[in-house]
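Note on naming: letters A, B, ... go to the chains in the order of the sequence lines (proteins, then strands), and numbering restarts at 1 for each one.
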2 protein chains.
Amino acid sequence: MVENRDKSLVKWLGETSLFVGMEEQHLRELSGIAMVVSYKRRATIFSEGDPGSGFYLVKEGKVKIYMISPDGKEQILHIFGPGDPFGEVAVFAGQSFPAHAVALENSRLVFLPRDDFVVLVAANPALGLSLLAVLSQRLRQFTKMIDALSLKEVPGRLAAHLLYLSKKQSTGDLQLELSKTQLASLLGTIPETLSRMLSKLQREGFVTIEGAKISIVDRVGLVELAEIGKF
Amino acid sequence: MVENRDKSLVKWLGETSLFVGMEEQHLRELSGIAMVVSYKRRATIFSEGDPGSGFYLVKEGKVKIYMISPDGKEQILHIFGPGDPFGEVAVFAGQSFPAHAVALENSRLVFLPRDDFVVLVAANPALGLSLLAVLSQRLRQFTKMIDALSLKEVPGRLAAHLLYLSKKQSTGDLQLELSKTQLASLLGTIPETLSRMLSKLQREGFVTIEGAKISIVDRVGLVELAEIGKF
DNA sequence: TCAGCAGGTTGACTTAAGTCAATGATAATC
DNA sequence: GATTATCATTGACTTAAGTCAACCTGCTGA
């Protein structure tokens, strides 16, 4: 709370994709309602059904958003890192959180309480537009995810994800930031299957694997696989 | 185009969930930029990759939003009816449409061009908030959809959907508004499988089926099925 | 140092659901 | 009212991927 009016927080908010380009004054207003909170690794930030009393920005660390099926299987929806906002859906739908959130590492988050924030948006259309862009972006991501989950088989999803990572990391040598178990859940499958598919990808000469490091060998082949979704 | 300044269009816009409660003046501004367009059954409204030059409201008729996998399978994302907005994602993400849209029936749509609309939003925060609510709602729907697609088997998805319909229609006797083929695609499966599952549901005494009319017999059982997702 | 545990890999088996193909049943069109 | 399409259903078959179980690391902490 001491950091509320901290100059550095204002600055940081302004570097965030959600608030980039906003006027100093509005950033100050934002930081006025913001609270910095810390979560230890594995701590749960909110659970499905919790009332959406506000939303978060990741300041440091990593956060996993996921759902649990009745029989205990987990499906990861997102992994968020520094600068990413999450939990805004509940704020604007005026409902409870539709999924769970836990810290994957010791993390510091900026919490923005719903009511205060809505007031700011009402006073500042640019803020609204910025948020609309973020939500639209997220919707688009989900579209892709539904596409992957319903239209592609595991190898296809895996290939698509590897390509996505290589774009993000802009290199052919990928460092997995997630345990393979987590990656499996993100791809909507289980560790065993993922393991088999990775070996298969290696056997067929698409990639080479050394622990958490994956190198793309045959990018063209991977692209094809991601599209067709079959070996 | 003649209808642009039509009083009835203003009124209709104000009854739309997106714009409900907005001041007369803003509604008039909206109707000033709106265009009413007609599409015949099966006509495509936009395709994946088309530039998002604006978005739509369904005035009359029904619209299907869907994706196609490389090998031709279709996954329906939404079916929209009168009053529903669609295509806003591309507008605010400032990108192209991520999916296809076709008219399921002869339909009349209200088109709102992107640039004009953004100006209005910038001038009117309430409009932004309203849109944020809609997008959040949609995001929440997708969350559920991903949940269903990745965590539940077809019977579970089907049971969940039937319950959803019965809530919407608030009766135990459901009238399917979609062909079973379409329903299959909405559930992320194929007609054959859907057909088998429906027979199975009937055989096990959960529902009775007569053509497009489905009556829920054992609601409790269905709920359980939707949760557990297994017979 | 060693027990214990989480994460990863591999094999054998099972199963849900997709494909292919044939046949009825509507509904639409001329 | 006959003729195509389109949709729905059913059966036989195939297959991707999940379950179960064994086993192997490499750590962490007593």
Side-chain angles (χ1 to χ4, degrees), chain A residues 41-42 64 69-76 102 104-105 148-159 176-204 207-214 225 228-231, chain B residues 40-42 64 69-76 102 104-106 148-159 161 175-204 207-214 225 228-231:
Chain A
R41 181 175 146 87
R42 278 166 211 267
K64 166 173 85 171
S69 74
D71 54 311
K73 249 190 318 187
E74 115 175 3
Q75 167 72 48
I76 297 180
V102 304
L104 281 182
E105 312 170 352
L149 286 175
S150 70
L151 302 177
K152 285 181 192 139
E153 301 168 346
V154 177
R157 292 178 230 164
L158 175 55
L176 291 186
E177 308 220 323
L178 259 43
S179 76
K180 296 199 176 153
T181 304
Q182 300 277 297
L183 178 59
S185 162
L186 187 60
L187 295 177
T189 184
I190 54 173
E192 291 99 314
T193 301
L194 176 64
S195 183
R196 288 185 235 274
M197 294 313 164
L198 279 173
S199 328
K200 206 167 171 188
L201 279 185
Q202 182 164 34
R203 222 178 313 124
E204 313 259 343
V207 300
T208 59
I209 305 168
E210 297 159 63
K213 193 178 133 231
I214 300 181
L225 219 168
I228 313 295
K230 300 217 185 222
F231 275 90
Chain B
K40 285 209 256 332
R41 181 176 147 85
R42 278 163 212 268
K64 165 173 88 172
S69 75
D71 52 311
K73 249 189 320 185
E74 115 175 2
Q75 167 71 48
I76 297 180
V102 305
L104 282 182
E105 312 169 353
N106 294 334
L149 286 175
S150 70
L151 302 178
K152 285 180 192 140
E153 300 169 344
V154 177
R157 290 179 233 167
L158 174 55
H161 189 75
Q175 195 59 41
L176 290 186
E177 307 221 326
L178 258 42
S179 77
K180 296 200 175 150
T181 303
Q182 300 278 299
L183 178 59
S185 161
L186 187 59
L187 295 176
T189 184
I190 54 172
E192 291 98 314
T193 301
L194 176 65
S195 184
R196 288 184 237 274
M197 294 312 163
L198 278 173
S199 327
K200 207 167 170 188
L201 279 185
Q202 182 164 36
R203 222 177 315 122
E204 312 260 341
V207 300
T208 59
I209 305 168
E210 296 160 65
K213 192 178 133 231
I214 300 181
L225 219 167
I228 312 297
K230 299 218 183 221
F231 275 91

Solution key, residues 193-204 of chain B side-chain donor-acceptor pairs under 3.5 Å, sequence neighbours excluded:
| residue | atom | partner | partner atom | Å |
| --- | --- | --- | --- | --- |
| B:S199 | OG | B:S195 | O | 2.7 |

| remark: To the nearest angstrom, the CG-P distance between A:L149 and D:dG18 comes to 11 Å
| field | salt bridge (Lys or Arg N to Asp or Glu O under 4.0 Å) against B:K73, all qualifying residues, sequence neighbours excluded | value | none
| task | Let me have a per-nucleotide readout for nucleotides 25-30 of chain C, 5' to 3', with B, S or -, counting only protein heavy atoms under 4.0 Å. | result | ------
Please tabulate the protein-to-nucleotide N/O contacts below 3.5 Å involving nucleotides 10-14 of chain C, giving atom names and distances.
| residue | atom | partner | partner atom | Å |
| --- | --- | --- | --- | --- |
| C:dT10 | OP2 | A:S199 | OG | 3.1 |
| C:dG11 | N7 | A:R196 | NH1 | 3.0 |
| C:dG11 | O6 | A:R196 | NH2 | 3.2 |

| Rounded to 10 degrees, the angle between the two terminal axes of the helix from C:dT1-D:dA30 to C:dC30-D:dG1, each from five pairs | 40°
| task | Could you check how far CD of B:E153 sits from P of C:dT15, rounded to whole Å? | result | 12 Å
| query | Got a second to check how far B:T181's OG1 is from B:L186's CG, nearest 0.5 Å? | reply | 12.5 Å
| message | If you compare all heavy atoms of A:A184 against all heavy atoms of A:P191, which two are closest, and at what distance to 0.1 Å? | response | CB-N, 3.6 Å
| For DNA chain D, what residues of residues 175-188 of chain B have any heavy atom nearer than 4.0 Å? | B:S179, B:K180, B:T181
| Within residues 177-189 of chain A or reaching into it, pairs that qualify as salt bridge (charged side-chain N to carboxylate O under 4.0 Å, His left out) - sequence neighbours excluded | A:K62-A:E177
| said: With a 3.5 Å distance limit and no angle check, can you tell me whether B:Q75 reaches the backbone of B:S185 through a side-chain donor-acceptor pair? | reply: yes
| field | Length of the CG-P vector between B:L198 and D:dT9, whole Å | value | 7 Å
| request: Determine which pairs satisfy salt bridge (charged side-chain N to carboxylate O under 4.0 Å, His left out) with at least one residue from residues 181-195 of chain B, sequence neighbours left out, and list them in order. | output: none
| Rounding to a whole Å, what distance do you find between B:I190:CD1 and D:dT6:C1'? | 17 Å
| remark: For B:T189, the side-chain hydrogen bond (donor to acceptor under 3.5 Å, both in side chains) test, sequence neighbours excluded, returns none
| query | Do B:R41 side-chain atoms and B:N106 backbone N/O form a donor-acceptor pair below 3.5 Å? | reply | no
| task | Look at A:E105 together with A:K64 and state whether they make a salt bridge at an N to O cut-off of under 4.0 Å. | result | no
| query | In chain order, what residues pass the side-chain contact (heavy atoms from CB on, under 4.5 Å) check against A:A159, with sequence neighbours excluded? | reply | A:L222, A:L225, A:A226
| field | Side-chain heavy atoms of A:L176 within contact of A:K213, under 4.5 Å | value | no
| said: Output the rounded distance in Å from NZ (B:K200) to P (D:dG11). | reply: 14 Å
| request: Using whole Å, report how far CG of B:L104 lies from P of D:dC7. | output: 11 Å
| request: Let me know the distance between CG of B:L201 and P of C:dA16, rounded to the nearest Å. | output: 14 Å
| request: Starting at atom CG of B:L194, determine the distance to atom C1' of C:dG18, rounded to an integer number of angstrom. | output: 14 Å
| task | Write down the atom of A:R157, the atom of A:L187, and the distance for their closest heavy-atom approach. | result | NH1-O, 2.7 Å
